[in-house]
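Every chain is numbered from 1 and lettered A, B, ... according to where its sequence line falls, protein lines coming before strand lines.
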Protein chains: 2
Amino acid sequence: MLLAQVEGFLEVARRGNVSRAAEAMFVTQPTLTARLHALERELGEPLFARTRRGMRLTDAGRAFLPYAERAIRAVRDGRQALADARSASAGRLVLGAAPAVSTYVLPAILQRFAAAYPRVEVAVRTGHSEDVLQMLLREEVQLAMVRAMRNPDIESIPLYEEGLVLVVPPGHPFAQRSRVGIADVASERLIFFDRTSSYYELTQTFFLSLGVTPREVMELDNIESAKKMVQRRLGIALLPRTAVAGELAAKTLTQVTVTDAPALSQKIVVIRRRDQGRPSGTVAAFLNLLKESDPAAVAS
Amino acid sequence: MLLAQVEGFLEVARRGNVSRAAEAMFVTQPTLTARLHALERELGEPLFARTRRGMRLTDAGRAFLPYAERAIRAVRDGRQALADARSASAGRLVLGAAPAVSTYVLPAILQRFAAAYPRVEVAVRTGHSEDVLQMLLREEVQLAMVRAMRNPDIESIPLYEEGLVLVVPPGHPFAQRSRVGIADVASERLIFFDRTSSYYELTQTFFLSLGVTPREVMELDNIESAKKMVQRRLGIALLPRTAVAGELAAKTLTQVTVTDAPALSQKIVVIRRRDQGRPSGTVAAFLNLLKESDPAAVAS
DNA sequence: TCTAGCTATAGAGCTTTTTTATCGGCCCGT
DNA sequence: ACGGGCCGATAAAAAAGCTCTATAGCTAGA
């Protein structure tokens, strides 16, 4: 059965006249007649009664009519849905993100994305990078913004380098000193967050590699709490720069540079299943938006 | 766009494998590949990502999928609806009927029809023959059972001859007499029903042609009331045989034959729009059922 | 009776589709 | 490392179907 036959059926049903319907469809009348015959032959039932005045639906035709309309409408809507998806003017985008990205980087990006594509429905799922990777592999998310990871089934696009910076409360002795060494840091109470996250492992390795073992520590399970603890002078912390950008600007936290230690950072990337072909629709739109902007700069 | 392409898309989407899908659809693999390519070209977007393992839906494909399913389902359901209509195993039948037919003849017929085609939804619209004819011409009903009428746009199939019989209450003097003449009838109070119906005209013409003018009359607007009036000895009436079959059998009314007057009757036919082609589906089923039975015999 | 308007039909040409056969890549077991 | 097996893509020939022009057949209305 050809869609063209069903469309012809509808057009003739509407107009009751093959010639006019043919004209409206930009085909000749015999063509349309043939389509109708083919459709009737396939369905095994006359859909029209031929009269001197034109074509009238038979009972069978009347019975078939709503289904024909539904089918044509479905195809038309499907085309529209694809067009929407292509222009990203509508559709759905499901993102995965690591906690620090989700909280401090994504909001500003999503604000711009939502402004550019107001009809796109966006969903964000937050989790540790490893968990988000699994979501991606299970196709629960289309894109994920996580720390750089190695996996043969994904491709990564570098997003930004997220530095970990040492923050202290305003008025802390470190803030006045010209030089702060790693040994000085080790003697302070250190505040960590989320033992199960990659940050924890990263910072621990960092200290160990410098031969430093911070003794007094406090551990929180989220960055926001860690910041509060530092502000209440319960310790100092190594936190993602994006997570403290706001506090540094408001001078409610002060950044301290450790002179005798290398910069500590990790790469944040956006990852995507490698077997999904070229990005399209909302995904492509989001990636373009990322490409045009510096995610780390918009952290709030 | 070809339905076959959409079906191919669905089958491949389900199986993730062109070769298997092609096999299931009884075509060769290159055919199906070509269909997919044609569909993708028409939609301007890859629907599948080709991998070593087979075909995976792209985001675009996923967006299109529900519409494709809807379209195919609509066509499938449409086919089924036609098949149902053909076998009259389901569907809808809208009948028109004159009051006497609707009340006394149709119930028994519909009982049998409903037994034979339980899934057919039946609707009856009752009205005077002329009104029902208009309903038929406006296609508000598919068939109508009315008195024989002349109209170029309809075709009629004779159903039965409906005789008008003179009924009197049990114990009425006429019931005992061997001969009742038209003059005797004229001296009785006569009960008519529904001045606007064809019965009224018919009976009036009948008396006039015999040179009789019934003086005392009573007029009801429905047969059932007329029967009750006769039973309460308020008069005698000329009523359709089918309408009094039950009372005659139960001996709550008595039939009297007028010896010096011709039999009075009118033809009941089933009519149908002439431009509807050959009857099909529920209509054909109903007509067949009529053909096989004697409607007048089943009057209750 | 003629004309206008309707659909059906015939036959040629062309486009599209389908098929067979084959290619090129990749995975996996030996 | 290599070969068999499975994947989809491609080429080319054959087949099928579609669309066109031209025309027929029919009826209603002038």
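- Nucleotide D:dC7 holds its P atom 15 Å from the CZ atom of B:F48, rounded to whole Å.
- Under the ring-ring contact (aromatic ring centres under 6.0 Å, His included) criterion, the residue pairs touching residues 16-57 of chain A are A:F9-A:F48, with sequence neighbours excluded.
- A straight line from CD of A:E40 to P of C:dT7 spans 13 Å, rounded to a whole angstrom.
- Taking side-chain N and O atoms only, A:R50 has a distance below 4.0 Å to OP1 or OP2 of C:dA8.
- Contact annotation: B:N17 does not reach the phosphate of D:dC6 (side-chain N/O to OP1 or OP2, under 4.0 Å).
- Look at CZ on A:R15: it is 13 Å from P on C:dC6, rounded to the nearest Å.
- The salt bridge (Lys or Arg N to Asp or Glu O under 4.0 Å) search around A:E140 returns A:R125, A:R138, not counting sequence neighbours.
- Salt bridge absent: B:R79 and A:E45 never bring a charged side-chain N and a carboxylate O closer than 4.0 Å.
- Protein atom CE of B:M55 is 15 Å distant from nucleotide atom C1' of D:dC6, rounded to whole Å.
- Comment: B:R14 does not engage B:E7 in a salt bridge, judged by the lack of any side-chain N to carboxylate O separation of less than 4.0 angstrom.
- Protein atom CG of A:L2 is 18 Å distant from nucleotide atom P of C:dT15, rounded to whole Å.
- Remark: P of C:dT17 and CZ of B:R41 are 8 Å apart, rounded to the nearest angstrom.
- A heavy-atom distance below 4.0 Å to DNA chain C is reached by these residues of residues 18-33 of chain A, ordered by number: A:V18, A:S19, A:R20, A:Q29, A:P30, A:T33.
- Other residues, nucleotides and ligands place more than 12 heavy atoms under 6.0 Å from the CD atom of B:Q80.
- For D:dG17, neither phosphate oxygen OP1 nor OP2 lies less than 4.0 angstrom from any side-chain nitrogen or oxygen of A:R35.
- Side chains of B:Q29 and B:S19: no donor on one and acceptor on the other come within 3.5 Å.
- Look at A:E139 and B:R62 and you find a salt bridge, because one of the NZ, NE, NH1 or NH2 atoms lies within 4.0 Å of a carboxylate O, short of that distance.
- Between A:M1 atom CE and C:dT17 atom P the separation is 18 Å, expressed in whole Å.
- Remark: P of D:dT19 and CG of A:L36 are 11 Å apart, rounded to the nearest angstrom.
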